[in-house]
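Here is the structure we will look at, set down as structure tokens.
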Amino acid sequence: MGRVLILINSSGGLFDFRNEFVEALLEENQVFVSVPDDVKTKELTDEGCQIIRTPINRRGINPLEDLKLCRAYYNMMKELKPDLVITYTIKPNIYGGFCAGLMKIPYITTITGLGGAFDRTGLFLRLIIHMYRAGMKKAACVFFQNEENRNIFRKFGIAGQKDRLVMGSGVSLPRHPYEPYPEREETHFLFVGRVMKERGILEFLEAAGRLHSDKVFFDILGYCDEDYQEMLAGLEKEGVIHQLGFHTQVHPYLADASAIVIASFHEGMSNALIEAAATGRPVIASNISGCLEAFEEGRTGLGFTPGNAEELIAAMEKFLRLSNEERAAMGRAGREKMEKEFDRKLVTAAYMEEVKRLSAAD
């Protein structure tokens with residue numbers, strides 16, 4: 001039995017989007033999971049994972065904090081002596097990858113999204129490139145979730161020994177079964193995701209201000225990751241929006257929605273979008289890599305330019321003109337697309353191929 005160490009910045013992200021891979025690893029390995037939170041650590045522990053709490057400042061750029069995280073990963077690997085390290089998300093990828101490479105431990109990395117880092121210029125961009133190169137260069141395989149992210153890495157000479165493209169984390173079809181479309185006169189637009197500027201919350205709120213009525217509702221599912229709570233509270237008091245809060249089980253909320261709105265500026269692959277489509281709900285989504293692969297204009301959803309509130313409003317107005325039968329047909333088409341292209345079993349199989357390849361090489 002081998003030892004596998006997983007480094008990630010969210011236990012919920014690991015359990016909700018990658019648990020089938022974890023289960024496959026547990027069949028033949030001891031699995032250690034380094035996470036900064038306890039949202040889904042009980043579920044992971046019950047399956048057989050051993051949890052290591054490791055604080056991470058997900059969004060901050062503090063050299064001392066990052067040095068402490070890098071040292072924590074190094075000491076962790078020195079103590080556990082894993083046969084394989086698997087990393088997800090930016091800081092675990094960079095610092096965990098660097099430590100694994102330094103200690104000559106095979107590692108697999110996943111680029112779950114780049115955010116706005118590569119939109120920068122000057123010294124900051126050069127620093128990001130240097131850090132990614134250091135973290136990725138000895139990776140046995142780098143998984144990308146969309147072609148644009150892979151092309152950006154190639155453009156800047158950031159590479160591991162091999163790379164592969166997968167359809168995000170895939171979607172668990174059993175956990176997100178198809179649900180009949182709601183039969184009602186009201187329309188509920190559901191924003192899913194962290195409440196922050198880069199997720200398009202300001203455009204969603206502008207649309208809500210213009211379009212809300214006694215038959216058109218704007219709901220927000222997710223927690224505030226930036227300082228918008230006072231604004232949200234005010235709009236909720238006025239009846240413009242309704243806050244649903246953060247929930248670890250999103251399926252009932254997806255099922256109750258008329259359409260899911262994904263307004264992000266950047267995505268690796270939008271899990272909320274593919275889960276919504278699997279549930280049988282139309283999507284109104286940003287025309288960006290990480291969304292475009294997962295919906296078809298006019299067939300499973302409607303697109304718009306991120307950051308453009310007028311285009312978002314126009315897409316919503318177009319959706320409002322659709323009959324319930326047309327909306328339901330969009331949802332069924334989305335489910336069919338997920339079954340054919342985004343089944344998580346396909347993604348898990350791709351990861352296990354690389355794990356077995358590395359095991360055979362030993």
Side-chain angles (χ1 to χ4, degrees), residues 8 10-23 39-40 43 88-89 110 112-113 145-146 166-182 188-195 199-201 204 219-223 225 244-264 266-286 288-296 299-303 319 327-348 351:
I8 193 168
S10 164
S11 61
L14 182 63
F15 184 81
D16 292 339
F17 307 130
R18 302 167 181 96
N19 195 53
E20 288 81 352
F21 180 37
V22 173
E23 290 176 329
V39 173
K40 289 292 178 74
E43 289 85 345
Y88 296 95
T89 65
T110 300
T112 55
Q145 298 190 340
N146 66 64
V166 289
M167 287 300 189
S169 302
V171 61
S172 173
L173 298 174
R175 288 173 64 187
H176 293 282
Y178 174 80
E179 305 283 359
Y181 195 78
H188 284 258
F189 291 111
L190 177 64
F191 176 98
V192 181
R194 288 175 288 158
V195 176
R199 294 293 182 184
I201 187 60
F204 182 81
D219 304 320
I220 297 174
L221 180 64
Y223 60 88
D225 207 20
L244 299 171
F246 171 74
H247 295 272
T248 58
Q249 299 297 329
V250 302
H251 184 77
Y253 298 95
L254 300 178
D256 191 54
S258 305
I260 278 68
V261 181
I262 306 299
S264 302
H266 305 277
E267 288 282 357
M269 181 65 68
S270 173
N271 288 305
L273 192 162
I274 61 179
E275 289 177 351
T279 305
R281 296 298 171 266
V283 297
I284 298 176
S286 300
I288 57 170
S289 291
C291 289
L292 284 170
E293 297 88 344
F295 82 97
E296 298 177 22
R299 182 170 179 266
T300 71
L302 302 170
F319 184 82
R327 298 177 185 184
M330 270 190 170
R332 288 192 297 271
R335 174 69 185 194
E336 291 170 5
K337 184 175 180 67
M338 295 304 104
E339 290 175 345
K340 292 177 182 178
E341 302 175 28
F342 285 84
D343 190 334
R344 189 169 291 164
K345 292 178 182 177
L346 302 174
V347 177
T348 299
Y351 277 86

Side-chain donor/acceptor of Glu293 to backbone N/O of Gly290, under 3.5 Å: yes

Take Arg199 and Ile201 through the test side chain to side chain contact (heavy atoms under 4.5 Å, CB included) and record every step on the way to the result. CA-CA 6 Å; Arg199 294 293 182 184; Ile201 187 60; 5.6 Å; no

Here's a test for you: under side-chain contact (heavy atoms from CB on, under 4.5 Å), which of Val195, Val192, Leu190 qualifies with Ile220? Val195

Where Phe319 and Ala259 come nearest, the two heavy atoms and their spacing: CZ-CB, 3.7 Å

Has Thr300 got a side-chain atom pairing as donor or acceptor with Gly334's backbone, closer than 3.5 angstrom? no

Non-hydrogen side-chain atoms of Leu302 and Met330 separated by less than 4.5 Å: yes

On the six-membered ring of Tyr181, is Arg327 placed so that its NZ or CZ lies under 6.0 angstrom from the centre and within 45° of the ring axis? no

Given side chain to side chain contact (heavy atoms under 4.5 Å, CB included), test Phe17 with Arg344 step by step and report yes or no. CA-CA 9 Å; Phe17 307 130; Arg344 189 169 291 164; 4.0 Å; yes

Do Val39 and Ser10 pass the side chain to side chain contact (heavy atoms under 4.5 Å, CB included) test, and can you show the C-alpha distance, the side-chain angles, and the key distance before you say yes or no? CA-CA 8 Å; Val39 173; Ser10 164; over 6 Å; no

Can you label the angle between the Phe246 ring and the Tyr223 ring as parallel, tilted or perpendicular, going by 30° and 60°? perpendicular

Closest non-hydrogen contact found for Phe295 with Ser286 is CE2-O, 4.0 Å

Any side-chain heavy atom of Ile262 within less than 4.5 Å of one from Glu267? yes

Okay, side chain of Arg281, backbone of Ala255: is any donor-acceptor separation there less than 3.5 Å? yes

Carefully, step by step, assess Asp16 and Lys40 under the rule side chain to side chain contact (heavy atoms under 4.5 Å, CB included). CA-CA 9 Å; Asp16 292 339; Lys40 289 292 178 74; 2.6 Å; yes

Would you check if Arg18 and Ile8 make a side-chain contact, meaning some heavy-atom pair closer than 4.5 Å? yes

Which atoms form the tightest heavy-atom contact between Val347 and Met167, and what is the distance? CG2-O, 4.0 Å

Result of checking Val171, Val283, Ile284 against Leu273 for side-chain contact (heavy atoms from CB on, under 4.5 Å): Val283

The ring-ring contact (aromatic ring centres under 6.0 Å, His included) partners of Phe15 (sequence neighbours excluded) come to none

Over all atoms of both residues, closest heavy-atom pair of Arg299 and Glu336: NH2-OE1, 3.6 Å

Taking all non-hydrogen atoms of both residues into account, name the closest pair between His251 and Glu179 and its distance. NE2-OE2, 2.7 Å

Would a distance-only check, ignoring hydrogens and angles, find a side-chain to backbone donor-acceptor pair under 3.5 Å from Asp343 to Leu173? no

